[in-house]
Amino acid sequence: MHLGKILCSELYLRGSTLTDPIYFDTDCLSSFLWIKREHILYELYPGKLVVPYETYSELSKVRHLQVQTDNLIIQQKLKIEHIQVASQTFELFLRLTTPKKGLAAIGNGEAACIALAVIKHGFFASNNMRDIAHYVELYNLSHLTTAIILKEALCRSIITEAEGNLMWVSMLQRRRKLPNDTFSDYLRAHG
């Protein structure tokens, strides 16, 4: 189930009863890390934030992102999950990273998140719709994006619309993939 069209009251209810883990791909988590606003994630989803080792490995290529991620792990606000070889998750991961006729293979971080979300019935957090839309639909994944998370933060009064706009601009300056020019534009388009 894609969460992009959920109203604020539904987002709040969904967020307050969320019991499944959220598997973060590099692009979504780094949107918050780059602007040092990762607190939004653990305020919205306490105890639910997970990065596959493959995502952690990608984040580790940028020193300050690795340091911030390590700090979240030390504070027990985020955990790393490893995919065990010869498991169902590993088999799905291999299928997702192997090119198929008509479909390109996806990156290791995205594939690990999808495989874990499918097998462990979790949420998948990624902004890279072009590469993963087929798999979100195929596996009927509950999918979060940076934009959806910011909207939920607004609905739960963690941020204001003005703060959302400032964060949005900062994320765009860091080359994060966002669907509109401003947070306000996103809210108007996805009421």
Side-chain angles (χ1 to χ4, degrees), residues 1-33 37-59 68-69 72-97 106-129 131-159 177 179 190:
M1 162 173 62
H2 181 66
L3 301 178
K5 294 284 186 177
I6 292 177
L7 302 173
C8 282
S9 60
E10 294 173 89
L11 275 170
Y12 184 80
L13 176 64
R14 180 103 182 170
S16 65
T17 60
L18 184 68
T19 58
D20 297 324
I22 304 170
Y23 297 98
F24 277 85
D25 189 21
T26 304
D27 61 352
C28 191
L29 181 58
S30 67
S31 294
F32 294 92
L33 294 173
R37 296 298 296 261
E38 58 271 17
H39 71 89
I40 292 169
L41 300 173
Y42 56 80
E43 285 181 43
L44 282 172
Y45 316 113
K48 308 299 177 229
L49 308 177
V50 182
V51 291
Y53 178 77
E54 292 76 8
T55 297
Y56 177 78
S57 183
E58 290 173 4
L59 289 165
Q68 287 172 269
T69 303
L72 290 173
I73 293 165
I74 290 166
Q75 297 167 17
Q76 298 182 349
K77 297 185 186 303
L78 176 72
K79 68 179 187 175
I80 294 180
E81 188 154 339
H82 295 270
I83 295 176
Q84 301 301 315
V85 176
S87 66
Q88 283 184 303
T89 308
F90 185 71
E91 290 173 20
L92 180 54
F93 171 78
L94 286 178
R95 283 198 309 267
L96 293 168
T97 56
I106 59 175
N108 287 351
E110 293 161 333
C113 288
I114 290 171
L116 286 163
V118 167
I119 301 300
K120 298 194 174 205
H121 309 287
F123 286 75
F124 171 45
S126 176
N127 298 336
N128 193 353
M129 292 302 297
D131 292 348
I132 55 94
H134 168 77
Y135 299 105
V136 168
E137 186 175 322
L138 177 67
Y139 295 112
N140 195 31
L141 288 171
S142 296
H143 177 233
L144 296 169
T145 64
T146 295
I148 293 168
I149 293 167
L150 286 175
K151 182 177 178 182
E152 185 167 358
L154 174 66
C155 291
R156 302 248 323 257
S157 300
I158 293 171
I159 64 169
K177 296 176 186 176
H190 297 88

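In this chain, residues are counted from 1 in sequence order. FYI, side chains are in, hydrogens and waters are out, and symmetry mates aren't considered; it's all heavy atoms of this structure. Please read these numbers as outputs of a predicted model, since none were measured by experiment.
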Is there side-chain contact between [X] and [Y], with at least one heavy-atom pair below 4.5 Å?
X: Leu78; Y: Leu41; value: no
X: Thr145; Y: Pro179; value: no
X: Thr69; Y: Ile73; value: yes
X: Leu116; Y: Val50; value: no
X: Phe93; Y: Val85; value: no
X: Tyr45; Y: Leu144; value: yes

To the nearest 0.5 angstrom, please state how far the [atom1] atom of [X] sits from the [atom2] atom of [Y].
X: Tyr56; Y: Leu29; atom1: OH; atom2: CG; value: 12.0 Å
X: Leu49; Y: Gln76; atom1: CG; atom2: CD; value: 13.0 Å
X: Leu94; Y: Thr89; atom1: CG; atom2: OG1; value: 11.0 Å
X: His143; Y: Met129; atom1: NE2; atom2: CE; value: 5.0 Å
X: Lys79; Y: Lys48; atom1: NZ; atom2: NZ; value: 9.0 Å
X: Cys113; Y: Ile22; atom1: SG; atom2: CD1; value: 11.5 Å

Show the nearest heavy-atom pair for residues [X] and [Y], with the distance to one decimal.
X: Ile40; Y: Ala153; answer: CG2-CB, 3.8 Å
X: Phe24; Y: Pro52; answer: O-CD, 3.7 Å
X: Leu96; Y: Ala115; answer: CD1-N, 4.1 Å
X: Ser30; Y: Leu59; answer: CB-CD2, 4.0 Å
X: Phe90; Y: Ala86; answer: CD2-N, 3.6 Å
X: Cys28; Y: Ala125; answer: CB-O, 3.7 Å

Problem set entry | Verdict with reasoning, Asp25 to Glu58, per side chain to side chain contact (heavy atoms under 4.5 Å, CB included) | CA-CA 9 Å; Asp25 189 21; Glu58 290 173 4; 4.1 Å; yes
Name all residues meeting the side chain to side chain donor-acceptor pair (under 3.5 Å) criterion together with [X]; count only those two or more places apart in sequence or in a different chain, and write none if there are none.
X: Glu110; result: Asn128
X: Ser31; result: Asn127, Thr146
X: Tyr135; result: none

Problem set entry | Listed once per pair and sorted, the salt bridge (charged side-chain N to carboxylate O under 4.0 Å, His left out) pairs that draw on residues 84-96, sequence neighbours left out | none
Problem set entry | salt bridge (charged side-chain N to carboxylate O under 4.0 Å, His left out) pairs, two or more places apart, involving residues 115-129 | Glu81-Lys120
Exercise. Is it the case that more than 12 heavy atoms not belonging to Glu137 sit under 6.0 Å from its CD atom?
Worked result: no
Exercise. So with a 6.0 Å cut-off around CD of Gln75, is the heavy-atom count from everything else above 12?
Worked result: yes
Problem set entry | Qualifying residues under ring-ring contact (aromatic ring centres under 6.0 Å, His included), relative to His39, sequence neighbours excluded | none
Exercise. In terms of the angle between their ring planes, are His82 and Tyr53 parallel, tilted or perpendicular, with boundaries placed at 30° and 60°?
Worked result: parallel
Exercise. Ignoring hydrogens and geometry, is there a side-chain-to-backbone donor-acceptor pair from Glu54 to Ala112 under 3.5 Å?
Worked result: no
For this session: Determine yes or no for a side-chain-to-main-chain donor-acceptor pair under 3.5 angstrom, with Lys77 supplying the side chain and Glu38 the backbone.
Result: no
